[in-house]
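Notes for the one structure printed next.
A note on names: the letters A, B, ... follow the listed sequences, proteins ahead of strands, and every chain is numbered from 1.
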Amino acid sequence: MATIYIDNVPYEVKDGENLLQACLSVGKNLTYFCWHPALHSVGACRQCAVIRYRDENDTRGRIVMACMEPVADQARISIDAPEAKKFRAQNIESLMINHPHDCPVCDEGGECHLQDMTVMSGHNYRRYRFKKRTHLNQYLGPFLHHEMNRCIQCYRCVRFYNDYAEGKDFGVFAAHDDVYFGRYEPGVLENEFSGNLVEVCPTGVFTDKTLRKRYTRKWDLTNAPSICHQCGLGCNIIASERYGSLRRILNRYNGDVNGYFICDRGRFGYEYVNSQRRIQHALKQEPAGQWQGLKKDTAIREIRNRIRAAKRVIGIGSPRASLESNFLLRELAGAEHFYAGVSEKESRLIKEVLHILRHSGVRTPSLKETETYDAIFVIGEDVTNTAPRLALSLRQAAKNQPKEKAKALKIADWNDAAIREVIQGQKGPLFIAAPYATRLDDAALATHQAHPDEIARLAFAVAHHVDAAAADAELPEKAKAFARQVADALVAAKKPLIVAGTSLYSPSLIHAAANVAMALKKAGKEAGLTYTVPEVNSMGLMMMTDQYLEQAFEQVYSGQADMVIVVENDLYRRLPADQVDEFFRKAGTVVVLDSIAHRTGEHAHFVLPAGTFAESSGTVVNNEGRAQRFFQVYQPRNDIQSTWKWLQAFVEKEQLAAANLDDVIQQLTMAYPELEGVREAAPGAQFRVGTQKIPREPHRYSGRTAMLAHINVSEPKPPEDPDSPLSFTMEGYVGTPPAPLTPFFWSPGWNSVQAVNRYQQEVGGMLRGGNPGRRLIEANGSSLQYFTDIPAAFHPDNFHWNIVPAYHIFGSDELSALSEPLQERIPALYLALSPADAQALQLQPGQQAELNVSGQTLRLPVVIRPDLPGGYVLVPKGWEATAGWLFPVQSSLKPMQV
Amino acid sequence: MISHLRSLWLVFKHMFHKRETVQYPEEKPYLPPRWRGRIVLTRDPDGMERCVACYLCAAACPVDCISLQATEDENGRRYPEFFRINFSRCIFCGYCEDACPTYAIQLIPDFEMAEYDRQNLVYEKEHLLISGQGKYHGYNFYRVAGVDAGVKPKGGGEKESEPVDVRKLLP
Ligand code: SF4
Ligand code: SF4
Ligand code: SF4
Ligand code: SF4
Ligand code: FES
């Protein structure tokens with residue numbers, strides 16, 4: 001800690017920061033553009049000028065850029081000195097010389113950092129009377145709108161896109177005051193994190209195209225703190241609604257999880273919520289093929305009668321449903337008849353992950369914590385496509401070792417430009433072994449492509465290198481050298497991190513990763529171990545049951561169960577179609593609760609409209625074992641509601657039938673002591689600030705007395721939320737609510753997302769009152785023995801080709817793939833193979849190849865990938881035709897007969 | 001006693017004063033042009049809707065009786081998809097007109113809006129949009145804005161230079 005004097009008032013601030021950060025942390029208003037808490041300082045915009053004095057006798061001082069000056073004990077500065085104020089007002093005036101007269105039609109308006117800073121600096125009248133320079137815009141794809149005239153040349157966009165996210169197709173062009181930020185030529189921005197430009201750019205140059213289609217100002221949105229449901233990482237998001245449709249997703253800062261950034265799947269993949277495929281009403285199918293709509297009460301009554309009449313009801317849960325929804329299903333069907341709605345293969349994998357997390361003694365870091373590791377070994381994961389946000393963190397971690405050089409030169413952590421000068425693009429020890437070249441490979445020191453079994457063997461060998469007590473595997477020459485290089489680098493590091501996951505469906509790979517991590521821990525390293533999991537609540541679901549889908553099928557085949565309730569699950573994405581067909585033929589009465597119409601729903605006798613994350617509240621557990629609460633954004637005007645609310649109608653238990661979310665969680669934690677932390681994931685519904693609820697709407701929310709006036713001029717009573725301390729109105733507490741209950745970031749004078757500064761204990765640090773979410777699992781002891789299930793070496797088989805799943809950020813996830821803006825980015829299904837294999841099979845790129853997977857014939861266009869070593873082929877995972885395959889699958893392979 | 005007599009005298013005197021009661025509706029009062037009466041949406045000099053759907057009027061409205069939704073035409077010109085004012089809530093304060101950056105929304109000297117059914121006081125865009133410019137003439141926001149909305153190309157404005165050639169590095 002250091003004491004600095006700002007305008008003669010002493011403040012305690014943290015050492016090692018810069019003065020701008022310090023001023024903002026103590027709650028001062030100081031204007032800035034180019035500095036960003038995650039991108040740090042370059043001193044480019046000259047907007048953060050303050051006066052710095054030598055000592056208390058110095059009355060003149062000198063103007064310095066606060067973001068480029070380190071905090072020093074007893075430093076004296078002035079923000080309010082007339083010279084400093086004048087400097088900042090003049091600086092902004094010159095930045096604004098060419099600024100267009102756009103605010104009314106600019107999507108940034110009302111949440112524009114430039115507007116905020118202009119007002120803050122006091123520049124309020126345009127004196128410049130000459131011509132403005134103009135720019136042409138570029139088409140940047142379905143996610144971002146480009147309006148280059150509004151640029152103030154702060155360079156944040158390139159610093160994020162090129163330096164932080166390491167994108168390659170963006171840059172700065174031209175010279176002097178003509179500089180232009182965009183692509184070499186118009187086209188889709190390729191980087192998976194491009195959407196963050198919406199928040200990083202302090203002006204309206206980059207705005208959200210999905211919002212633009214039905215644009216709404218920030219002050220008119222109804223918001224809720226939510227959790228992204230599009231992968232297993234559970235990034236924190238703000239979801240916003242107007243007029244009954246979901247309008248946009250923003251990053252919600254969580255200092256432990258996603259920090260300032262989320263991926264494009266999470267940001268732009270929300271539109272399935274508004275999709276045509278949403279189920280809007282209760283439906284009944286009887287006789288088969290004839291659908292009729294049902295009133296809510298009728299549906300409940302009829303289903304209740306069926307449940308009473310049934311011999312045995314079984315419940316099939318889902319990894320994309322909340323803990324609460326799964327729990328109510330379990331209560332309804334009984335613990336012994338509640339099944340995780342995933343295949344045996346997948347359920348065993350996640351059980352293994354849980355087992356290792358609980359007992360290996362190796363810490364599983366939070367997403368943000370992964371950025372503190374200094375050597376990384378990724379085993380088998382295409383991280384950018386299976387757990388996108390993690391890839392961005394790994395990129396930062398990979399820079400840690402090169403950064404040591406800058407540290408040795410006593411360059412402060414925040415001095416971004418200087419650090420980059422020192423590093424000169426040098427790569428840190430990031431190693432990736434995967435079945436194909438991944439999007440993260442460009443950041444890696446070395447990569448290795450091999451069949452999943454070979455990767456597992458390689459990882460076993462690495463563990464053996466680190467600790468000879470661990471089982472060893474014989475490797476081919478090339479792999480041997482790679483294994484040695486990786487092992488040496490991991491041992492040389494202070495904090496090595498092992499990343500693996502479930503994406504290749506290989507238990508031995510998961511074991512091998514644990515071996516490496518445990519060996520490193522034994523060698524005295526502060527090792528970390530991160531597993532990615534397939535879905536938002538995969539972990540939570542497997543913490544609730546050991547039973548899997550095939551066992552549920554067995555119940556039906558044996559005639560013991562005659563009624564099935566399926567919750568938020570398309571079983572055709574879990575098991576091969578012939579098996580699921582067979583199941584439905586025998587299943588008796590089928591009730592499906594889901595938000596989206598799908599193949600499973602077609603077999604139902606009753607379909608109930610469940611809410612998506614936007615219409616439900618609940619808790620999910622991410623890959624790290626962190627329980628996180630998401631809250632309903634708005635109350636739909638039809639029968640759509642949370643799955644757990646529907647299920648309440650059928651549960652006999654009195655404590656559950658009329659319970660609110662808190663009561664359900666109470667019962668849940670009683671049944672599962674390990675889930676105790678779920679209660680602390682967010683304050684309960686009784687929580688108030690003083691006596692006030694927390695409004696989902698900003699205090700400037702408009703149109704309340706007109707938005708529904710066309711239906712009825714008398715305004716309806718606003719809906720109530722019995723499940724949370726959030727209200728569906730604009731009335732209530734204005735200020736900083738507890739972090740898990742923050743529906744939007746706003747503070748007087750700070751209308752943009754950068755108001756988040758005011759919600760943090762110190763800028764860029766923890767949110768006030770602690771970051772949201774509770775970790776349910778902590779590594780304890782080290783009771784695990786080394787695993788020894790080394791798979792046999794892989795031998796290609798030209799009659800049974802091994803098909804390995806390939807992942808795509810846009811396409812592999814079930815729900816986001818239904819979102820229109822994403823669809824443009826989803827590749828058509830393909831079959832990828834190595835050049836040598838293609839030649840041997842006489843396949844040309846683009847030609848159709850014929851596959852035969854579990855009795856089903858599929859024709860796919862051929863793609864040739866030079867990165868593949870050969871012997872196996874790739875097919876994208878998650879497309880409707882491939883979703884139900886139980887990887888690794890085998891197939892014959894031949895050119896299509898013409 | 002004295003005060004009673006005084007009152008009687010004053011009332012009596014009024015019998016010879018000029019009458020203030022106006023025989024409305026036969027006789028219409030004069031309303032100054034800046035009278036804040038019925039709200040209209042005006043058009044720009046080119047005959048297009050002036051409103052750019054910026055939502056500022058809605059935000060300014062103290063009774064929140066304006067609601068609209070922005071949309072865009074094929075040229076990227078933003079305009080309101082619907083625009084609704086609930087006149088049964090409106091207090092004719094004129095804040096919306098004050099807030100409007102395009103002169104689109106204007107209050108005019110017309111107050112004859114009474115209805116028997118309150119529902120009829122809900123006006124949609126087709127009830128609000130007039131064919132003229134209203135009180136303020138000659139202003140077209142899209143002529144001075146930086147965006148290309150089909151009104152003028154980039155750099156085609158009076159105070160704009162030609163778009164920069166980004167491949168040029170000359171000083
Ligand atoms: S970037 Fe900000 S200041 Fe510029 S036009 Fe947009 S809203 Fe206005
Ligand atoms: S485009 Fe935005 S982020 Fe990039 S330099 Fe311009 S104002 Fe800054
Ligand atoms: S990384 Fe996963 S959780 Fe995070 S935003 Fe992307 S899809 Fe959502
Ligand atoms: S303030 Fe004017 S331009 Fe903006 S929405 Fe209202 S009427 Fe339209
Ligand atoms: S913020 Fe300090 S110079 Fe830009």
Side-chain angles (χ1 to χ4, degrees), chain A residues 98-107 109-110 128-138 145 147-150 172-182 184 204 212-220 242-243 698 700-715 730, chain B residues 52-61 63-72 76-78 81-82 84-90 100-102 117-124 141-142 144-149 153-171:
Chain A
N98 291 313
H99 205 73
H101 184 61
D102 268 2
C103 293
V105 289
C106 175
D107 288 5
Y128 185 76
R129 292 263 165 268
F130 307 100
K131 285 191 165 182
K132 293 178 185 177
R133 94 64 193 97
T134 62
H135 280 300
L136 295 176
N137 301 334
Q138 286 182 329
H145 179 81
E147 192 63 53
M148 222 355 247
N149 278 350
R150 299 172 186 153
V172 46
F173 301 89
H176 53 91
D177 59 342
D178 284 348
V179 285
Y180 186 93
F181 298 84
Y184 180 70
R212 190 179 180 81
K213 275 193 301 193
R214 20 181 169 57
Y215 180 67
T216 307
R217 294 251 180 246
K218 177 179 181 180
W219 64 66
D220 279 342
R242 176 83 178 178
Y243 301 135
R700 290 211 183 92
Y701 191 82
S702 80
R704 276 188 307 169
T705 63
M707 51 201 294
L708 295 172
H710 60 304
I711 302 168
N712 187 347
V713 69
S714 312
E715 294 99 41
M730 59 197 269
Chain B
V52 302
C54 70
Y55 295 98
L56 288 175
C57 50
C61 178
V63 292
D64 286 342
C65 73
I66 304 178
S67 112
L68 66 146
Q69 174 59 56
T71 188
E72 272 179 10
R77 181 187 178 112
R78 189 162 278 181
E81 186 174 38
F82 74 81
R84 184 180 307 129
I85 301 183
N86 178 356
F87 279 112
S88 76
R89 289 285 187 189
C90 177
C100 182
T102 67
D117 183 357
R118 206 180 138 204
Q119 188 67 47
N120 294 340
L121 285 167
V122 178
Y123 281 40
E124 298 290 339
F141 171 81
Y142 284 116
V144 289
V147 295
D148 174 3
K154 277 273 151 77
E158 214 181 296
K159 284 272 170 62
E160 287 179 342
S161 14
E162 284 286 297
V164 166
D165 173 6
V166 299
R167 303 262 188 303
K168 184 190 76 178
L169 285 174
L170 294 178

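Looking at B:E124, only its side chain comes within 4.5 Å of chain A, counting heavy atoms on both sides. In this structure, chain B has heavy atoms under 4.5 Å from both the backbone and the side chain of A:H710. Interface remark: B:V122 contributes side-chain atoms only to the contact with chain A (heavy atom separation under 4.5 Å). Only the side chain of A:N149 comes within contact range of chain B, with heavy atoms under 4.5 Å apart. Contacts of B:C65 with chain A are made by both backbone and side-chain atoms, with heavy-atom separations under 4.5 Å. Looking at A:N712, the atoms closer than 4.5 Å to chain B (heavy atoms on both sides) sit in the backbone and in the side chain alike. Of the atoms belonging to A:Y184, heavy atoms from both backbone and side chain fall under 4.5 Å from chain B. When heavy atoms are compared at a cutoff of 4.5 Å, B:F141 approaches chain A solely by way of its side chain, counted from C-beta outward.
Among the candidates A:D107, A:N137, A:D220, the residue making the largest number of heavy-atom pairs closer than 4.5 Å to chain B is A:D107. Ranking A:A706, A:S714, A:G109, A:A709 against chain B, the residue ahead of the rest is A:A706, based on heavy-atom pairs under 4.5 Å. Counting heavy-atom pairs under 4.5 Å between each of A:W219, A:Y180, A:Y243, A:F173 and chain B puts A:Y243 at the top. Most heavy-atom pairs under 4.5 Å with chain B: of the set A:A175, A:C103, A:G182, A:G703, this distinction falls to A:G703. The most heavy-atom pairs under 4.5 Å with chain A, out of B:D148, B:T71, B:V144, come from B:V144. Comparing B:K154, B:R84, B:R118, B:E160 by heavy-atom pairs within less than 4.5 Å of chain A, the highest count is held by B:R84. Among the candidates A:H99, A:H135, A:R700, the residue making the largest number of heavy-atom pairs closer than 4.5 Å to chain B is A:H135.
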What verdict does the side-chain contact (heavy atoms from CB on, under 4.5 Å) test give for B:V164 and A:M148, after you've listed the backbone C-alpha separation in whole Å, the side-chain angles of each residue and the deciding distance to 0.1 Å? CA-CA 11 Å; B:V164 166; A:M148 222 355 247; over 6 Å; no

Test side-chain contact (heavy atoms from CB on, under 4.5 Å) on A:M730 and B:D64 and set out the steps. CA-CA 12 Å; A:M730 59 197 269; B:D64 286 342; 4.2 Å; yes

Apply side-chain contact (heavy atoms from CB on, under 4.5 Å) to the pair A:V713 and B:L121, showing each step before the final yes or no. CA-CA 8 Å; A:V713 69; B:L121 285 167; 5.8 Å; no

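Note that the CD atom of B:Q69 and the CE atom of A:M707 stand 10.0 Å from one another [nearest 0.5 Å]. Rounded to the nearest 0.5 angstrom, A:H101 NE2 and B:K159 NZ are separated by 12.0 Å. To the nearest 0.5 angstrom, B:L68 atom CG is 7.0 Å from A:S702 atom OG. Interatomic distance, B:R89 CZ to A:R704 CZ, rounded to the nearest 0.5 Å: 9.0 Å.
Looking at every heavy atom in both residues, A:P104 comes nearest to B:V52 through CB-CG2, 3.9 Å.
At a threshold of 4.0 Å, the pair B:E162-A:K131 does not count as salt-bridged, since none of the basic side-chain nitrogens sits closer than that to a carboxylate oxygen. The pair A:R212-B:E72 meets the salt-bridge criterion, since a charged nitrogen lies less than 4.0 angstrom from a carboxylate oxygen.
Looking only at distances, a side-chain donor or acceptor of A:R217 sits under 3.5 Å from a matching main-chain atom of B:C54. For the pair A:R133 (side chain) and B:S161 (backbone), a donor-acceptor distance under 3.5 Å is absent. With A:T705 contributing its side chain and B:N86 its backbone, the two residues share no donor-acceptor pair below 3.5 Å.
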